[in-house]
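Please read the structure below before turning to the comments.
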2 protein chains.
Amino acid sequence: MLKLSKKADYALMALQYMGSVQFSDLTRARVVNTKEIAEENNIPVELLAKVLQALAKQEIIESHNGPKGGYILGHEPRDITIAKVLEAIEGPLGIADCYHENDHSPCEQLEHCNIRTPLLKVQESIYQLLSSMTIEDMMSGQPLIIVESRKTEGVNS
Amino acid sequence: MLKLSKKADYALMALQYMGSVQFSDLTRARVVNTKEIAEENNIPVELLAKVLQALAKQEIIESHNGPKGGYILGHEPRDITIAKVLEAIEGPLGIADCYHENDHSPCEQLEHCNIRTPLLKVQESIYQLLSSMTIEDMMSGQPLIIVESRKTEGVNS
DNA sequence: GTTAGTCAAGACTAAAATGGTCGGAGATCT
DNA sequence: AGATCTCCGACCATTTTAGTCTTGACTAAC
């Protein structure tokens with residue numbers, strides 16, 4: 001239960017990777033492209049592309065077009081919370097559905113709904129939890145082999 | 001994101017209702033059947049039936065067959081944690097999929113996966129949160145109009 | 001200016017999960 | 001024993017998700 005979608009996973013992986021590449025000792029502010037991230041993390045390229053698009057639209061990352069283009073983080077890793085990332089990909093948190101509901105899907109139960117209030121508490125706690133953790137936390141303690149310049153290798157074997 | 005399924009919602013509603021019926025002043029240990037719960041909470045009967053089945057199989061509730069049969073809670077409301085209920089309905093908690101994975105779906109990312117460890121921490125926190133809350137917490141402070149004996153009313157208008 | 005590499009955006013397919021429905025098995029009462 | 005009321009378990013339809021493909025627009029290098 002409460003599974004994250006693959007897209008969400010991929011988003012976090014990508015951001016973690018970008019953070020590591022950008023903020024490691026040697027190569028600062030290097031732009032990484034979709035293909036590189038996908039290959040390094042064994043993620044289907046096209047799907048990752050869509051994920052990165054969404055992140056770019058939310059200005060979590062910045063896109064740079066053209067040859068030698070790609071993406072860079074839009075903020076410092078410590079300023080990118082997990083909550084923000086997940087929201088960008090999967091929409092707002094909704095343990096209790098009734099909270100963000102439009103006119104349709106009237107939630108016929110609302111009148112007698114005794115579980116709503118407690119669930120909202122749970123939801124609030126989870127949100128706080130996800131907001132307290134950032135991409136930086138995912139980078140820490142990870143050696144990670146830096147791939148310095150593999151922009152145009154013929155690695156498709 | 002992190003939405004609960006309708007079934008999970010229904011499970012919690014049903015348990016809350018059963019708890020209220022059983023542990024209110026007047027009528028103790030009354031057996032309630034699927035139809036009553038469904039009508040009282042505006043839940044599709046057949047779907048609720050499946051939910052209650054699952055709960056019964058996990059021994060969260062006890063089933064009693066035959067006329068005047070139905071369900072009663074298998075434990076005190078304070079001993080039924082939300083975590084247990086959700087697990088019964090939606091399977092084990094799996095923010096990070098890779099945690100409970102069989103041989104198939106090998107998670108190609110595992111080798112370089114830097115998000116796994118942090119996510120497990122999040123998951124653990126959430127689990128603790130859900131384990132700390134019980135059906136009793138959902139009953140507290142709820143007046144709730146007790147429906148004393150409506151087993152066989154013709155209420156299907 | 002041309003070319004090649006990159007992101008952007010959408011339609012499309014396939015598979016899985018979810019929501020919802022059906023007829024049957026077991027138990028109780030008359 | 002029969003009728004009725006209940007739970008049980010397999011079944012189908014719809015939605016969501018994962019993944020693919022195609023087309024287009026933008027940018028930098030040559």
Side-chain angles (χ1 to χ4, degrees), chain A residues 1-11 14 18 30-39 42-72 74 89-91 94 97 104-105 107-109 150-154 156, chain B residues 1-11 14 18 30-38 42-72 74 86 89-91 94 97 104-105 107-109 151-154:
Chain A
M1 74 208 196
L2 294 181
K3 283 185 186 173
L4 290 183
S5 67
K6 287 269 177 66
K7 287 204 281 189
D9 286 344
Y10 295 162
M18 291 170 68
R30 195 180 117 229
V31 176
V32 293
N33 63 28
T34 307
K35 193 178 161 210
E36 173 182 340
I37 301 175
E39 287 177 352
N42 283 312
I43 301 173
V45 193
E46 300 88 352
L47 186 53
L48 177 63
K50 271 204 320 202
V51 170
L52 294 178
Q53 266 178 54
L55 293 178
K57 193 172 289 179
Q58 302 291 327
E59 299 183 344
I60 292 172
I61 58 179
E62 286 177 15
S63 74
H64 289 274
N65 233 332
K68 297 177 79 66
Y71 295 98
I72 58 172
I89 301 296
E90 300 201 312
D97 262 342
H104 58 288
S105 65
C107 182
E108 301 294 349
Q109 291 82 28
R150 54 182 307 291
K151 316 143 208 175
T152 341
E153 293 176 34
N156 68 347
Chain B
M1 71 209 197
L2 293 181
K3 284 183 187 174
L4 289 183
S5 67
K6 289 262 179 68
K7 288 202 283 189
D9 288 342
Y10 296 162
M18 291 171 68
R30 196 181 115 232
V31 176
V32 293
N33 64 27
T34 308
K35 193 177 160 209
E36 174 183 340
I37 302 176
N42 282 313
I43 301 174
V45 195
E46 300 87 352
L47 186 53
L48 177 63
K50 254 191 356 188
V51 170
L52 294 179
Q53 264 177 55
L55 293 179
K57 192 170 291 180
Q58 302 292 325
E59 298 182 344
I60 292 171
I61 60 179
E62 287 176 16
S63 75
H64 289 273
N65 232 333
K68 298 176 78 66
Y71 295 97
I72 59 171
L86 296 185
I89 301 297
E90 301 202 311
D97 263 341
H104 58 290
S105 65
C107 181
E108 300 296 347
Q109 290 84 27
K151 312 145 209 177
T152 340
E153 293 175 33

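Proteins come first, then strands; the chains are lettered A, B, ... in the order of their sequence lines, and each starts at number 1.
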Nearest whole angstrom, please: distance from the P of C:dT21 to the CG of B:Leu48. 13 Å

Looking only at heavy atoms, the pair that brings B:Ala54 and B:Ile89 closest together is CB-CD1, 4.0 Å

Please check the phosphate of D:dG19 (OP1 and OP2 only) for any side-chain N or O of A:Tyr10 closer than 4.0 Å. yes

Ion pair check, A:Glu90 and A:Lys3, cut-off under 4.0 Å: no

Interatomic distance, A:Leu47 CG vs C:dA9 P [rounded to whole Å]: 16 Å

Using only modelled atom types and a 3.5 angstrom limit, is any donor from either the side chain of B:Lys50 or the base of C:dG20 paired with an acceptor on the other? yes

Checking contacts here: which listed nucleotide (D:dC5, C:dG19, D:dT27) is nearest the side-chain heavy atoms of B:Lys7? C:dG19

Any side-chain N or O of B:Ser63 under 4.0 Å from OP1/OP2 of D:dT6? no

Considering only heavy atoms from C-beta outward, does the side chain of B:Tyr71 approach that of B:Val31 to under 4.5 Å? no

By nearest atom, which of the nucleotides D:dG19, C:dC7, C:dT28 is closest to the B:Pro67 side chain? C:dT28

Can you tell me the distance, in whole Å, between the NZ atom of A:Lys35 and the P atom of C:dT6? 7 Å

Rounded off to whole Å, could you give me the CG-to-P distance for the B:Asn42 and C:dG20 pair? 13 Å

Rounding to an integer number of Å, can you tell me how far A:His64 NE2 sits from D:dA29 P? 13 Å

Using whole Å, report how far CG of B:Leu55 lies from C1' of D:dC7. 14 Å

Quick one: are B:Val45 and B:Ile37 in side-chain contact, heavy atoms under 4.5 Å? no

Can you tell which of D:dA18, C:dA8, D:dT6 lies closest to the side chain of B:Asn33? D:dT6

If you take atom types as modelled and just measure distance, does the side chain of B:Gln53 reach the base of D:dG9 with a donor-acceptor pair under 3.5 Å? yes

Using atom CG of A:Asn65 as one end and atom P of C:dA8 as the other, report the distance to the nearest whole Å. 7 Å

Starting the side chain at C-beta, find the nucleotide from D:dG9, D:dC21, C:dT6 nearest to B:Lys57. D:dG9

Nearest whole angstrom, please: distance from the P of D:dT6 to the CD1 of B:Ile37. 12 Å

Phosphate contact (C:dA17 OP1 or OP2) by B:Ser5 side-chain N/O below 4.0 Å: no

B:Glu46/B:Lys35 salt bridge by N-O under 4.0 Å criterion: no

Are any of B:Thr34's side-chain N or O atoms less than 4.0 Å away from OP1 or OP2 of D:dC7? yes

Between C:dA8, D:dA18, D:dC8, which one does the side chain of A:Ala56 approach most closely? C:dA8

Per atom distances to the A:Tyr71 side chain, the nearest of C:dA8, D:dT27, C:dT18 is C:dA8

